[in-house]
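What follows is a single structure, written as structure tokens, with notes after it.
Quick caveat, the model's predicted, so the values are computed rather than measured.
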Amino acid sequence: MRFETDAFIIHTRPYKETSLIVSFFTKEYGNVSAIAKGAKGKKSKFSGNLEPFRLMNIGFGGKSNLKSLFFSDSLETYDDFKVKKNLYSAFYINELIYSLLPPNERELIIFNQYHSSIKKLKKNDNTEEILREFEYLFLKEIGYQIDFENEYSSGDAIESNSFYEFAPQSGFKRAEKGFLGKDLQEIARKEYNPINLKTFKAINRKSFEYYFEELNIKSRGFFKWF
């Protein structure tokens, strides 16, 4: 059976002498890995069409989990990232998808957010906002949503002048010290500034570390936002 869908490349690795195993994040089928036969050859039909961070249309098929790639056609021109940290940010997002999303499960909302995030990273340097919002939506869509508006035990609305501690498995609870309610309210309204973005980062990071403590994201070695 053959399939066709829009996709982004999130990971590649060599396969035998001339081929590649390419991991795609697809619009219709989630994470899919396929062999691109002869892709390393100069005259390969895949030459120039297996670039990351560019939307493409691909055809693949096969009975096993490792598919065969039949074609890959670019759907948009390739734009460079204006600053290196945004390129690293895009690789970090790729690693989240590659490491944490199961294969063959459609994640359309994450796919659309990914496409939007890559476009933004190429055009501006609001790196923190882009990453934090992607992390938040990613956690939400895989079942770990963070409620920035209400205290978990009472259900009361977060108060601007109160402090709150955060537990990933439950949420925010009033405390003598911790995260300031004003910052949490601003995050909920997407009214970002350098202070509440640091708070946003700390909360997202705590969630990732709690749920995926065994995760080893390679980008951590050169990228400090996570």
Side-chain angles (χ1 to χ4, degrees), residues 5-15 19-27 29-36 39-40 46-56 58 69 72 74-103 105 107-142 144 197-198 200-209 211-226:
T5 184
D6 292 351
F8 287 92
I9 291 175
I10 58 170
H11 189 268
T12 61
R13 64 184 188 273
Y15 181 73
S19 301
L20 295 171
I21 293 179
V22 187
S23 296
F24 295 96
F25 184 38
T26 74
K27 186 174 184 178
Y29 308 102
N31 281 349
V32 172
S33 293
I35 299 172
K40 293 192 283 186
F46 299 117
S47 180
N49 284 329
L50 291 177
E51 299 290 338
F53 313 124
R54 180 167 56 176
L55 182 66
M56 60 184 62
I58 64 169
L69 184 66
S72 62
S74 296
L75 296 177
E76 57 189 20
T77 57
Y78 184 81
D79 294 324
D80 281 329
F81 294 87
K82 299 202 181 330
V83 291
K84 188 174 289 186
K85 71 176 182 179
N86 284 23
L87 173 62
Y88 293 161
S89 301
F91 277 120
Y92 162 64
I93 291 175
N94 276 10
E95 288 181 5
L96 286 181
I97 291 169
Y98 181 72
S99 301
L100 299 181
L101 290 184
E105 289 191 14
E107 295 286 357
L108 183 57
I109 293 176
I110 296 178
F111 182 90
N112 290 336
Q113 183 74 7
Y114 176 90
H115 194 186
S116 173
S117 296
I118 295 301
K119 283 184 174 180
K120 290 177 182 177
L121 285 170
K122 288 182 177 181
K123 292 181 179 179
N124 63 60
D125 59 356
N126 293 329
T127 314
E128 288 289 332
E129 292 184 19
I130 297 166
L131 288 182
R132 302 295 78 87
E133 288 195 346
F134 183 85
E135 289 172 337
Y136 171 79
L137 180 133
F138 186 95
L139 286 165
K140 175 184 176 181
E141 291 303 311
I142 63 175
Y144 304 122
L197 282 171
K198 287 182 179 180
F200 204 177
K201 172 185 174 180
I203 291 166
N204 284 351
R205 180 171 184 172
K206 194 169 185 178
S207 293
F208 277 109
E209 289 180 344
Y211 292 114
F212 310 109
E213 60 183 8
E214 299 300 322
L215 179 64
N216 179 24
I217 295 179
K218 294 178 182 178
S219 296
R220 287 183 181 178
F222 57 83
F223 183 56
K224 299 179 180 179
W225 280 272
F226 182 75

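Put simply, CZ on Phe46 and CG on Leu69 are 4.0 Å apart, with the number rounded to the nearest 0.5 Å. The line from CD of Glu141 to CD1 of Ile110 is 5.5 Å long, rounded to the nearest 0.5 Å. Note that the CD1 atom of Ile9 and the OH atom of Tyr98 stand 13.0 Å from one another [nearest 0.5 Å]. Here CG of Leu55 is found 5.0 Å from CG of Asp6. Values are rounded to the nearest 0.5 Å. Rounded to the nearest 0.5 angstrom, Ser99 OG and His11 NE2 are separated by 8.5 Å. The OH atom of Tyr92 lies 11.0 Å from the CD1 atom of Ile97; values are rounded to the nearest 0.5 Å.
The main-chain N or O of Leu101 is found under 3.5 Å from a side-chain atom of Asn31 such that the two form a donor-acceptor pair. Distance alone, capped at 3.5 Å, places no donor-acceptor pair between the Ser72 side chain and the Leu50 backbone. Side-chain N or O atoms of Lys120 include none that pairs as donor or acceptor with a backbone N or O of Glu129 at under 3.5 Å. In this structure, the side chain of Asn204 engages the main chain of Arg132 through a donor-acceptor pair within 3.5 Å.
Between Glu51 and Met56, the closest heavy-atom pair is O-CE, 3.7 Å. A pairwise comparison of heavy atoms in Val22 and Phe24 identifies CG1-CZ, 3.5 Å as the closest pair. Between Arg54 and Thr77 the shortest heavy-atom distance is CD-C, 4.0 Å.
None of Tyr136, Phe138, Phe208, Tyr211 except one satisfies the ring-ring contact (aromatic ring centres under 6.0 Å, His included) rule with Tyr144; the exception is Tyr211. Test Phe81, Phe25, Phe8 against Phe53 for ring-ring contact (aromatic ring centres under 6.0 Å, His included) and you get one pass: Phe81.
Side-chain contact between Asn124 and Ile130 is present, with at least one heavy-atom pair separated by less than 4.5 Å.
Counting heavy-atom neighbours within 6.0 Å of Tyr15 OH, excluding the residue itself, gives a total of 12 or less. Within 6.0 Å of the NZ atom in Lys119, the count of heavy atoms belonging to other residues, nucleotides or ligands does not exceed 12.
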Could you pull out all donor-acceptor pairs under 3.5 Å where a side-chain atom in residues 111-118 meets a protein atom, sequence neighbours excluded?
from   : atom 1 : to     : atom 2 : distance (Å)
Asn112 : ND2    : Leu108 : O      : 3.4
Tyr114 : OH     : Asn94  : OD1    : 2.5
His115 : NE2    : Glu76  : OE1    : 3.4
Ser117 : OG     : Gln113 : O      : 2.8

